[in-house]
Amino acid sequence: MITPTSKRAPRRVPLSRELVLQTAIRLADQGGLESLSMRKLGQELGVEAMALYYHVANKDEVLDGIVDLVFSEIDLPSIDADWKTAMRQRALSLRDVLARHRWAIGMMESRRHPGPANLRHHDAVIGNLRAAGFDMEMVAHAYSLLDGYIYGFALTKMNLPFDRGDDVAERAQVMLEPFPVDEYPNLVAFIAEHAMQPGYDFGNEFEYGLEVILDGLERVCNAG
């Protein structure tokens, strides 16, 4: 018999595919893909791992699903903006999404069974470029250049041995300490005259490089 003072067990949220994927992406964000297993996922959800298979077929389907969730966070190119503005906003959004989901950098274009957000994103980028007058060959060139730059920059930034400009001096001293610095005058000058200056942030280089690529694509298209 339940009395007014009896404690009720907390009501468990019904298990669903959406809940499984949201929990999986949280685990990946916290500990990388190596922390994501069906057993750990079941523990986080308070169920046996076998219960997950009513909602996802296997771990590969979980990975397909969470990659699709990441794609759903990226701004689609606006149909109301010119192509450079649309591609710039899409690039900035993708950069920010990859910073939130660092594990995803090497996964985004790897899925054999892409989800609807993944396909919708690619279709929108291609459609925006085609609407701007890019032929299919130039669409391929532009897409390759932009994504190579965005993913490459994200990967580089993620693996830098320092997090902020304030760390550069300390890290540079550690790296160069075993060597005679006069053998590397240009590197030392770069560190002292640029990287160690107040406010330096490698991440700020992203938008400069992006503008160079967009301007270059515009020149090529106009010349054609």
Please check: side-chain N/O of [X] versus main-chain N/O of [Y], any donor-acceptor pairing under 3.5 Å?
X      : Y      : value
Tyr149 : Phe206 : yes
Ser144 : His141 : no
Ser35  : Leu27  : yes
Ser93  : Arg90  : no

Rounded to the nearest 0.5 Å, what separation is found between the [atom1] atom of [X] and the [atom2] atom of [Y]?
X      : Y      : atom1 : atom2 : answer
Lys59  : Leu63  : NZ    : CG    : 6.0 Å
Met136 : Leu129 : CE    : CG    : 10.0 Å
Ile105 : Lys157 : CD1   : NZ    : 10.0 Å
Asp201 : Asn204 : CG    : CG    : 4.5 Å
Arg39  : Met50  : CZ    : CE    : 15.5 Å
Arg112 : Asp60  : CZ    : CG    : 9.5 Å

### Query
How far apart are the C-alpha atoms of Met38 and Asn58, what are their side-chain angles, what is the distance that settles it, and do they pass the side-chain contact (heavy atoms from CB on, under 4.5 Å) test?
CA-CA 8 Å; Met38 299 302 276; Asn58 48 44; 6.0 Å; no
In short, ring-ring contact (aromatic ring centres under 6.0 Å, His included) pairs touching residues 20-65 with sequence neighbours left out are none
salt_bridge([X], [Y]) N-O dist < 4.0 Å:
X      : Y     : result
Arg111 : Asp64 : yes
Arg120 : Asp68 : no
Asp215 : Lys84 : yes
Glu61  : Arg17 : yes
Glu207 : Arg88 : no

With clusters defined by side-chain heavy atoms of hydrophobic residues (ILVMFWY) lying less than 4.5 Å apart, directly or transitively, does [Y] cluster with [X]?
X      : Y      : value
Met196 : Met175 : no
Leu76  : Val139 : no
Phe179 : Val188 : yes
Ile79  : Val125 : no
Leu210 : Val212 : no

Test item: [X] and [Y] side chains (from C-beta on) under 4.5 Å apart, heavy atoms:
X      : Y      : result
Leu146 : Leu214 : yes
Leu94  : Asp75  : no
Asn128 : Met87  : yes
Leu52  : Leu45  : yes
Arg100 : Val70  : no
Trp103 : Glu34  : no
Tyr151 : Leu155 : no
Arg26  : Glu44  : yes

Taking everything shown except [X] itself, do over 12 heavy atoms lie less than 6.0 Å from its [atom1]?
X      : atom1 : answer
Arg130 : CZ    : no
Glu109 : CD    : yes
Glu18  : CD    : no
Glu137 : CD    : no

Only one of Leu21, Ile25, Leu19, Val20 passes side-chain contact (heavy atoms from CB on, under 4.5 Å) with Thr23, and that residue is Leu19
Practice item. Evaluate side-chain contact (heavy atoms from CB on, under 4.5 Å) for Leu33 paired with Met107, printing each intermediate quantity in order. Key: CA-CA 10 Å; Leu33 290 179; Met107 298 289 291; 3.7 Å; yes
Across all chains, not counting sequence neighbours, the ring-ring contact (aromatic ring centres under 6.0 Å, His included) partners of His122 are Phe71, Tyr143
Can a donor-acceptor pair be found between the side chains of Asp82 and Thr85 at a distance below 3.5 Å? yes
Quick one, Leu217 with Met138, criterion side-chain contact (heavy atoms from CB on, under 4.5 Å). Give me CA distance, side-chain angles, the key distance, then yes/no.
CA-CA 9 Å; Leu217 288 171; Met138 273 307 301; 4.0 Å; yes
**Asked** Going through the distances and angles, do His101 and Glu73 end up as a side-chain contact (heavy atoms from CB on, under 4.5 Å)?
**Response** CA-CA 11 Å; His101 307 292; Glu73 296 181 21; 3.0 Å; yes
**Message:** For the aromatic rings, using the six-membered ring if either is Trp, is the centroid distance between Phe202 and Phe153 under 6.0 Å?
**Reply:** yes
Between Leu41 and Ala24, the two heavy atoms sitting closest are CD1-N, 3.6 Å
